[in-house]
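Note that this is a predicted model, so its numbers are computed, not measured. For reference, positions follow the sequence shown, starting with 1.
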Amino acid sequence: MLFDIFMKIWITPENVLGILWSIVTVVGMCLIFHAWKEHWWKSLIPFYGTYLMYKNAWKEYKWLFFVQMLFDLISMISSKFMKKHLTNNLFAAIKTYMETEKIDIDINIPYLLICAAVLLISMLVVFLLTRITYLKICDSLGIKNLLLKVGTFIVPQIFLIVDYVYVIRRRDSLK
């Protein structure tokens with residue numbers, strides 16, 4: 001019975017598609033590392049795999065890895081502050097309502113707006129830096145095809161695999 005409940009909660013279309021999407025992403029990065037003549041399993045190591053990706057894609061600008069990590073940290077902290085502020089004030093409002101039957105919500109709007117702005121800016125920086133890194137991956141593999149670059153920018157999870165197949169076929173045709 002517990003297994004049935006677990007399966008009904010866990011096996012949803014969203015979860016299955018999310019897991020498949022994650023697997024495609026991991027396979028794509030493993031293949032790209034193989035194309036770089038790196039061990040594929042290095043792409044699976046947190047932080048180190050990302051550092052190697054930046055090192056191979058950006059060459060002399062590999063320090064951008066630390067910029068991305070900084071903005072990831074900033075977005076994590078700002079979202080934590082927003083969540084904490086909202087949940088604390090929501091619980092206080094519920095407690096006040098249960099005691100006095102009056103609704104009293106004390107949300108600091110300027111604080112929330114600043115946190116939201118910091119979160120959005122940091123997420124945008126990380127998104128753009130990551131997508132540009134995917135374009136740099138194409139350059140590091142010698143891909144000049146504009147369609148592949150646009151696809152890699154828009155849907156990198158799938159196009160990393162396509163890029164790998166393209167590079168391998170091109171290498172084989174040159175032999």
Side-chain angles (χ1 to χ4, degrees), residues 6 9-84 87 114-175:
F6 174 76
I9 294 171
W10 189 74
I11 303 289
T12 62
E14 301 87 25
N15 288 347
V16 171
L17 290 175
I19 289 170
L20 290 175
W21 197 249
S22 297
I23 290 171
V24 167
T25 303
V26 168
V27 168
M29 284 313 300
C30 289
L31 292 174
I32 294 302
F33 271 59
H34 182 263
W36 281 330
K37 309 241 188 297
E38 294 270 356
H39 294 288
W40 64 268
W41 52 266
K42 289 182 180 180
S43 69
L44 303 176
I45 302 172
F47 300 109
Y48 182 63
T50 308
Y51 171 74
L52 288 177
M53 180 178 71
Y54 273 78
K55 181 181 145 209
N56 285 310
W58 286 94
K59 306 288 185 217
E60 66 273 359
Y61 297 107
K62 60 186 169 197
W63 54 267
L64 286 171
F65 162 76
F66 297 108
V67 172
Q68 180 185 348
M69 290 296 119
L70 175 68
F71 278 99
D72 276 333
L73 182 66
I74 290 169
S75 65
M76 185 176 63
I77 290 170
S78 62
S79 67
K80 179 185 172 196
F81 281 141
M82 284 178 61
K83 180 180 173 186
K84 185 177 179 183
T87 55
I114 290 170
C115 285
V118 168
L119 177 65
L120 289 173
I121 290 168
S122 61
M123 288 173 62
L124 180 65
V125 168
V126 168
F127 175 79
L128 290 174
L129 190 56
T130 304
R131 295 308 166 124
I132 293 169
T133 301
Y134 288 132
L135 292 177
K136 298 294 281 182
I137 288 172
C138 289
D139 291 340
S140 72
L141 295 172
I143 296 174
K144 305 223 184 303
N145 188 326
L146 183 62
L147 184 61
L148 285 178
K149 285 185 172 188
V150 169
T152 303
F153 185 85
I154 295 172
V155 192
Q157 294 82 355
I158 295 170
F159 273 86
L160 288 176
I161 296 172
V162 174
D163 293 343
Y164 175 77
V165 171
Y166 177 81
V167 167
I168 294 302
R169 285 192 177 173
R170 197 180 69 220
R171 282 184 191 165
D172 289 344
S173 69
L174 294 175
K175 289 182 180 181

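- Paired with L70 under the rule side chain to side chain contact (heavy atoms under 4.5 Å, CB included), one option of V67, D72, I74 passes, and it is I74.
- Proximity of I143 to V167: side-chain heavy atoms (C-beta onward) are separated by under 4.5 Å at one or more points.
- The OH atom of Y166 sits 10.5 Å away from the CG atom of L147 when rounded to the nearest 0.5 Å.
- Under a cut-off of 6.0 angstrom, the local environment of CE in M82 is crowded, with over 12 non-hydrogen atoms contributed by other residues, nucleotides or ligands.
- The shortest non-hydrogen separation linking S78 to V118 is CB-CG1, 4.0 Å.
- Contact record, W40 with F33: CA-CB, 4.1 Å, taken as the closest heavy-atom pair.
- Note: Y51 and F66 have tilted aromatic rings, judged against thresholds of 30 and 60 degrees for the angle between ring planes.
- From S75, atom OG reaches atom CZ of F127 across 14.0 Å, with rounding to the nearest 0.5 Å.
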- Message: Is there a side chain to side chain contact (heavy atoms under 4.5 Å, CB included) between Y134 and I154? Walk through the geometry before answering.
- Response: CA-CA 10 Å; Y134 288 132; I154 295 172; over 6 Å; no
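- Rounding to the nearest 0.5 Å places OG1 of T50 at 14.0 Å from NZ of K55.
- Between V126 and S122 the shortest side-chain heavy-atom distance does not fall below 4.5 Å.
- Distance CG/L135 to NZ/K149: 7.0 Å, rounded to 0.5 Å.
- When side chains are defined from C-beta on, C138 counts as touching D163, because their heavy atoms get closer than 4.5 Å.
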- Message: Would W36 and I137 count as a side chain to side chain contact (heavy atoms under 4.5 Å, CB included) here? Give the steps.
- Response: CA-CA 10 Å; W36 281 330; I137 288 172; 3.8 Å; yes
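- Of the candidates N56, L141, V27, L141 is the only one forming a side chain to side chain contact (heavy atoms under 4.5 Å, CB included) with I32.
- Around the NZ atom of K59, the shell of radius 6.0 Å holds more than 12 heavy atoms that belong to other residues, nucleotides or ligands.
- Summarising the geometry, atom CZ belonging to R170 is positioned 9.5 Å from atom CD1 belonging to I168; distances are rounded to the nearest 0.5 Å.
- By the 4.5 Å heavy-atom criterion applied to side chains, L52 and F65 are not counted as neighbours.
- Side-chain contact between Y61 and K136 is absent, with no heavy-atom pair separated by less than 4.5 Å.
- Counting heavy atoms from C-beta outward, M53 and S43 have side chains that stay 4.5 Å or more apart.
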- Message: Using side chain to side chain contact (heavy atoms under 4.5 Å, CB included), reason through R131 and L128 one step at a time and then give a plain yes or no.
- Response: CA-CA 5 Å; R131 295 308 166 124; L128 290 174; 5.6 Å; no
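- Under the 4.5 Å side-chain criterion, counting only non-hydrogen atoms from C-beta, L119 is not in contact with F81.
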- Item | Residue pair L44, M29: steps toward the side chain to side chain contact (heavy atoms under 4.5 Å, CB included) verdict | CA-CA 8 Å; L44 303 176; M29 284 313 300; over 6 Å; no
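- The CG atom of L148 sits 11.0 Å away from the CG atom of L160 when rounded to the nearest 0.5 Å.
- The closest side-chain heavy-atom distance from T133 to Q68 is not below 4.5 Å.
- W58 approaches L129 most closely through the heavy-atom pair CZ2-CD1, 4.2 Å.
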